[in-house]
There are 2 protein chains.
Amino acid sequence: MKELPENTLNRLIIYLKVLENLEKKRVDSVSSEDLARLSGVNSAQLRKDLSFVGTLGTKGVGYSVKALKYNLKKFLGRTEEWNVIIGGLTPLSRYLIEHAQLQKEGFFIMAAFDTKPENIGVVIGGVSVYNLDQLSYVCKAIKVDIGIIATDEDQETYFSAFVQHGIKAILNLSNYPLFPEDEKIKVENLSIVHGLTKLSYYLKNLGS
Amino acid sequence: MKELPENTLNRLIIYLKVLENLEKKRVDSVSSEDLARLSGVNSAQLRKDLSFVGTLGTKGVGYSVKALKYNLKKFLGRTEEWNVIIGGLTPLSRYLIEHAQLQKEGFFIMAAFDTKPENIGVVIGGVSVYNLDQLSYVCKAIKVDIGIIATDEDQETYFSAFVQHGIKAILNLSNYPLFPEDEKIKVENLSIVHGLTKLSYYLKNLGS
DNA sequence: AAGTGTGAACTTTTTCACAGCT
DNA sequence: AGCTGTGAAAAAGTTCACACTT
């Protein structure tokens, strides 16, 4: 099987969200046409995307919302639970912890790290803030799957600490994009300023 | 000229960030090879991307960091200032306002909106929280360029309110993706759970 | 009859490779 | 000599259109 294109991955994640919503609305069955419209793509695209996951529908009928949701979730690794740590004690990291949405989605925040002495030892919503130099200790004590960079100042510090301690998956919420040298490490750069810049480009070119 | 591909836009935004960093480090000149490496792409890609912006380098020499940065900034609409409003008074919106990073980047938060009575009239860092039904009034009083959806619950409410009042550019920070019916409206969906799911897919498939 | 799954056609994007400027 | 800018080639991704199943 060919490798999954990144855009297909992005769309599969969207289909999953839309299916969860349909399930909440007690919809049992959906056609590629309908699911595609709700997901902002065309139905050929959707069917081609789903073909990477498997043969999931019934010809002449459509897709079972429950079954397709489950298969996508499985395919995306979202039936498992993942342990997450956070780099940087900032309002954003407080938000991530207190909001509790990540836990609900199966991403468990196990610890936070900072470098400023006054932040070490703080506990937020049951999550302790450790000194970054204790990362090695924490990584030995628990399986850390994902590191989230939640500061906009020392992103490089946390990035190299995460990489050095064998963390393979990093979500970078700073506004500076990071690129791993080791291709075994996966970084997702998710920047609000980046998103706003796409909109500013669009606004600048309106009507041209 | 052909239309700018979305991925090219994404990369141009990254080049701009990297250039800003080089300028901070007082680097005057950079080759496509070096800038590409710092941006996680190859140099042919970078040169092709820049060709959408114009002829910006000097053959045999490279690019002036200052000049290229300025040209990219201009091209992306980032030499202008944009007025932003926020939908939903949540810890995330508090973070966006108090962090002050957006203002520094030229995105000015003019107002926030909520629907819960107890939140109306609150002032955070100089930003007032209005009832959503006053959006019409605010949109008449000031030019609103961008609406940010900063709640994970009533995203649809704010979305339709924004659209209805003529806001053309929307940054959706909720975990549910939104797609405008009117193609004159541009939505950027930026979801932390989406980013984490990409990482969970990667982790699930490690070693395969 | 309805709607999926998929080769084939088409379109877009990326990479190559080198002419041409400094 | 060195490095950009860009047509041309190659690769990747999207859409079409229809055979096939229920």
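Worth knowing before you read on, the calculation uses all heavy atoms, side chains too, and leaves out hydrogens, waters and symmetry mates. Chain A is the first sequence line, chain B the second, and so forth, proteins listed ahead of strands; every chain is numbered from 1. Not measured: the values here are computed from a predicted model.
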Check: Just one of B:Ile167, B:Val127, B:Ile146 clears the side-chain contact (heavy atoms from CB on, under 4.5 Å) bar with B:Ile85, so which one?
Finding: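 Per the side-chain contact (heavy atoms from CB on, under 4.5 Å) rule, the option paired with B:Ile85 is B:Ile167, out of B:Ile167, B:Val127, B:Ile146.
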Checklist line | Residue that, paired with A:Lys186, satisfies side-chain contact (heavy atoms from CB on, under 4.5 Å) out of A:Lys184, A:Glu188, A:Glu183 | finding: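 Filter result, single survivor: A:Glu188.
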Pair up each side-chain donor or acceptor in residues 136-145 of chain B with any protein partner under 3.5 Å, not counting sequence neighbours, and list the distances.
{"residue": "B:Ser136", "atom": "OG", "partner": "B:Lys140", "partner atom": "NZ", "Å": "3.4"}
{"residue": "B:Lys143", "atom": "NZ", "partner": "B:Asp145", "partner atom": "OD1", "Å": "2.9"}
{"residue": "B:Lys143", "atom": "NZ", "partner": "B:Asp145", "partner atom": "OD2", "Å": "3.0"}
{"residue": "B:Asp145", "atom": "OD2", "partner": "B:Asn83", "partner atom": "N", "Å": "2.7"}

Item checked: Closest non-hydrogen atom pair between A:Thr151 and A:Ser174, with its separation ->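 Of all heavy-atom pairs spanning A:Thr151 and A:Ser174, the closest is O-CB, 3.1 Å.
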Next item on the list: Using a cut-off of strictly less than 4.0 Å between a heavy atom of the residue and any atom of DNA chain D, enumerate the qualifying residues of residues 41-49 of chain B by number.
Entry: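 Heavy-atom contacts with DNA chain D come from B:Arg47, B:Lys48.
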Notebook entry, point to check: Which residues, if any, of residues 5-13 of chain A bring a heavy atom under 4.0 Å of DNA chain D?
Noted result: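 Within this stretch, A:Pro5, A:Arg11 sit under 4.0 Å of the strand.
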Next item on the list: For atom CD of B:Glu153, decide whether the heavy atoms of other residues, nucleotides or ligands shown that lie under 6.0 angstrom number more than 12.
Entry: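 12 or below, so no.
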Checklist line | Set of side chain to side chain donor-acceptor pair (under 3.5 Å) partners for B:Arg94, sequence neighbours left out | finding: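 Once residues adjacent in sequence are excluded, B:Arg94 has no partner under the side chain to side chain donor-acceptor pair (under 3.5 Å) criterion.
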Check: So which of residues 56-73 of chain A are in contact with DNA chain C, with a heavy-atom cut-off of under 4.0 Å?
Finding: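 Residues of residues 56-73 of chain A under 4.0 Å from DNA chain C: A:Leu56, A:Gly57, A:Thr58, A:Lys59, A:Gly60, A:Val61, A:Gly62, A:Tyr63.
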Margin query: Can you give me the first and the last nucleotide of DNA chain C (5' to 3') that has an atom within less than 4.0 angstrom of a non-hydrogen atom in chain A?
Written below: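 The contacted stretch runs from C:dA2 to C:dA8.
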Margin query: Are the side chains of A:Lys17 and A:Ile13 in contact, using a 4.5 Å heavy-atom criterion?
Written below: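 Answer no - side chains too far apart.
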Checklist line | Side chain proximity check, A:Leu16 to A:Glu20, heavy atoms < 4.5 angstrom | finding: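 The answer is yes, as the side chains (C-beta and beyond) meet within the 4.5 Å cut-off.
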Notebook entry, point to check: Do the side-chain N and O atoms of B:Ser39 and B:Arg11 include a donor-acceptor pair separated by under 3.5 angstrom?
Noted result: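 There is no such pair (donor and acceptor under 3.5 Å, judged by atom type) between the side chains of B:Ser39 and B:Arg11.
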Checklist line | Overall bend - the helix from C:dA1-D:dT22 to C:dT22-D:dA1, comparing terminal axes fitted on five pairs, nearest 10 degrees | finding: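 Nearest ten degrees gives 10° for this helix.
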Non-neighbouring partners of [X] that pass ring pair (Phe, Tyr, Trp, His ring centres under 6.0 Å), sequence neighbours left out:
X	answer
B:Tyr15	none
A:His165	none
A:Phe113	A:Tyr130

Next item on the list: Sort and list the pairs that fulfil ring-ring contact (aromatic ring centres under 6.0 Å, His included) and have at least one residue in residues 170-205 of chain B, not counting sequence neighbours.
Entry: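 ring-ring contact (aromatic ring centres under 6.0 Å, His included) check on residues 170-205 of chain B returns A:Phe75-B:Tyr201.
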Next item on the list: Return each pair, listed once, that meets ring-ring contact (aromatic ring centres under 6.0 Å, His included) where at least one residue sits in residues 139-162 of chain A; pairs must be two or more places apart or across chains.
Entry: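 As it turns out, there is no ring-ring contact (aromatic ring centres under 6.0 Å, His included) pair with a partner in residues 139-162 of chain A once direct neighbours are skipped.
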Margin query: Any salt bridge linking B:Glu23 with B:Lys66? Criterion: basic side-chain nitrogen under 4.0 Å from a carboxylate oxygen.
Written below: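 Looking at B:Glu23 and B:Lys66, the cut-off is met.
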